[in-house]
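Here is the structure we will look at.
Because the structure is a prediction, the values reported are computed rather than measured. Every chain is numbered from 1, with letters handed out A, B, ... down the list of sequences.
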Protein chains: 2
Amino acid sequence: MAVIRLLLADDQALVRGALAALLDLENDLEVVAQVGRGDEVVAAAREAGADVCLLDIEMPGADGLEAAAAVARELPGVRTLVVTTFGRPGYLRRAMEAGASGFVVKDTPSAELADAVRRVHAGLRVVDPTLAAESLSGGTSPLTAREADVLREALTGATVARIAAAVHLSPGTVRNHLSSAIGKTGTATRAEAARTAREQGWI
Amino acid sequence: MAVIRLLLADDQALVRGALAALLDLENDLEVVAQVGRGDEVVAAAREAGADVCLLDIEMPGADGLEAAAAVARELPGVRTLVVTTFGRPGYLRRAMEAGASGFVVKDTPSAELADAVRRVHAGLRVVDPTLAAESLSGGTSPLTAREADVLREALTGATVARIAAAVHLSPGTVRNHLSSAIGKTGTATRAEAARTAREQGWI
DNA sequence: ACCTGCCCCTGACATCCGTCACGGGTGCGC
DNA sequence: GCGCACCCGTGACGGATGTCAGGGGCAGGT
């Protein structure tokens, strides 16, 4: 039986190397490529002939969800497994929509990772069970595209004027979108709204 | 020569297990304990007879800096190496003040971790060189204790009224502290001030 | 053709926020 | 003792913010 060829993508070199050490202990797994940026995944996977890509979400260049979509689009035979720190319901949904075959949070015991890789390689879907329930209940974002845009800018604590400049809108419109987003998130200030939206994976 | 006995503390089980796999590859290193909470470090290190503790900063119970201080206080012969995601200057300073022997960010190549452990065990100090410069230049926090308190509450985007309630102060006083903190951080809003203070490791 | 939802903008309002000036209290080092 | 820094509070000011009521435009579904 042929070994499963893996690509690891994580911006933290130490974690990347440690995961490689962990997975290389398995006889049927082989790490054939490692990258630290999301926009290098497709090229590296193609060159190394990877079967499965392990993708972290938080990465420079392109995040793991974009990378998963790119792999699904350009390398149809290659499966992707998203491995992330944050078990946000919206992340799971977005990962599945991006064509990922699996979703694992970094809280899971390390012994299960190799099995998750094997299942994904076999064509099965791997989803963190506790997260799946949350995702089904309240996963989809109630925010409109513009509301998500202004909330993204609001994450840094920017003023209305700067958000308006960044999104090329009138300050009044920005305030309307923010007010709407605050209502939808059940919060009282834009900072809280941005915070909860991020925790839900909506932005 | 005796092997170096290691304790790993990281709240993410997957990362913890992967680091264990990485370090167990070295003949002179042995992982003898793993914990996922900061407040279990001392007991586990004592029971397992660890020589060196690898501590992540972000952990429930007690963070890695508190854990390092506890180890230094209660297990004088045991050295600690702080391994963290965020290379914030204030973190390095606080780690050293807590009695840690080393400070490594998760961006460093995985091949260097084992060497860092050996150096720490040998009594040397290990510090990420790029971070050391930053820390010397602008590491110490300009914030007073109260300013740090209100900024911590402001991180979530709370209103002045809620911050005041949480810190048991008058709303006016809270606004004064916030205004002062905004001035010291060179920002324009409390959200930005809280953000930069966190990035500097001041809170 | 009509309704609905989202987008963009304007204007007005009450409230909140950031700033400043001020006074009084404490503890520390010179 | 004196200055100094920090703490806590008050009061007032201008500007920012969140909310509401409108108006118009543009797509998709009935």
Worksheet entry | Side-chain touch A/L113/A/T108, heavy atoms, less than 4.5 angstrom |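 In short, these two side chains do not touch, never coming nearer than 4.5 Å.
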
Fill in: Pairwise side-chain contact, B/D10 with B/K106, heavy-atom cut-off 4.5 Å (strictly under)
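Yes, at least one pair of side-chain atoms sits under 4.5 Å.
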
Discussion item. Heavy-atom nearest nucleotide on DNA chain C for B/T159 versus A/V174: which residue maps closer to 5'?
Written reply: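 It is A/V174 whose nearest nucleotide is closer to the 5' end.
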
Discussion item. What's the closest nucleotide to the side chain of B/V160 if the choices are D/dG18, C/dC8, C/dC17?
Written reply: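 Given the options D/dG18, C/dC8, C/dC17, the side chain of B/V160 is closest to C/dC17.
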
Rounded to whole Å, how long is the line connecting atom [atom1] of [X] with atom [atom2] of [N]?
X	N	atom1	atom2	answer
B/E192	D/dA16	CD	C1'	14 Å
B/E147	C/dT19	CD	P	12 Å
B/I182	C/dC20	CD1	P	11 Å
A/I163	D/dT17	CD1	C1'	11 Å
B/R146	D/dG9	CZ	C1'	13 Å
A/L143	C/dC6	CG	P	11 Å
A/H177	D/dT17	NE2	C1'	16 Å
B/L169	D/dC7	CG	P	10 Å

Discussion item. I'd like to know if A/N176 reaches the base of C/dC8 with its side chain, counting only an N/O donor and acceptor under 3.5 Å.
Written reply: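 Flag unset: no donor-acceptor pair detected.
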
Item to complete: Answer with base, sugar-phosphate or nothing: what part of the nucleic acid does A/T173 contact at a heavy-atom distance below 4.0 Å?
Response: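 The answer is base, as A/T173 lies within the cut-off (heavy atoms under 4.0 Å) of a base atom.
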
Worksheet item: What is the nucleic acid contact for B/A161, judged by heavy atoms within less than 4.0 Å: base, sugar-phosphate only, or nothing?
Response: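 Nothing: the residue B/A161, judged by heavy atoms under 4.0 Å, touches no strand.
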
Worksheet item: Any chance CD of B/E97 has more than 12 other-residue heavy atoms, nucleotides or ligands included, within less than 6.0 Å?
Response: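 Above 12, so yes.
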
Practice prompt. Hey, which sits more toward the 5' end of DNA chain D by its nearest nucleotide, B/H168 or B/P142?
Written response: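 So the residue in question is B/P142.
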
Worksheet item: Starting at the 5' end of DNA chain D, which residue's closest nucleotide do you reach first, B/T144 or A/A191?
Response: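 Nearest-nucleotide comparison on DNA chain D picks B/T144.
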
Is any side-chain N or O of [X] closer than 4.0 Å to OP1 or OP2 of [N]?
X	N	answer
A/R175	D/dA16	no
A/S170	C/dC8	no
A/R190	D/dT17	yes
B/T189	C/dG18	no

Item to complete: Return the minimal non-hydrogen interatomic distance between A/E147 and A/S180, and the atom names on each side.
Response: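 Result for this residue pair: OE2-OG, 2.7 Å.
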
Practice prompt. Run the numbers on B/R195 and B/T185 for side chain to side chain contact (heavy atoms under 4.5 Å, CB included), then give the verdict.
Written response: CA-CA 10 Å; B/R195 207 179 124 78; B/T185 52; over 6 Å; no

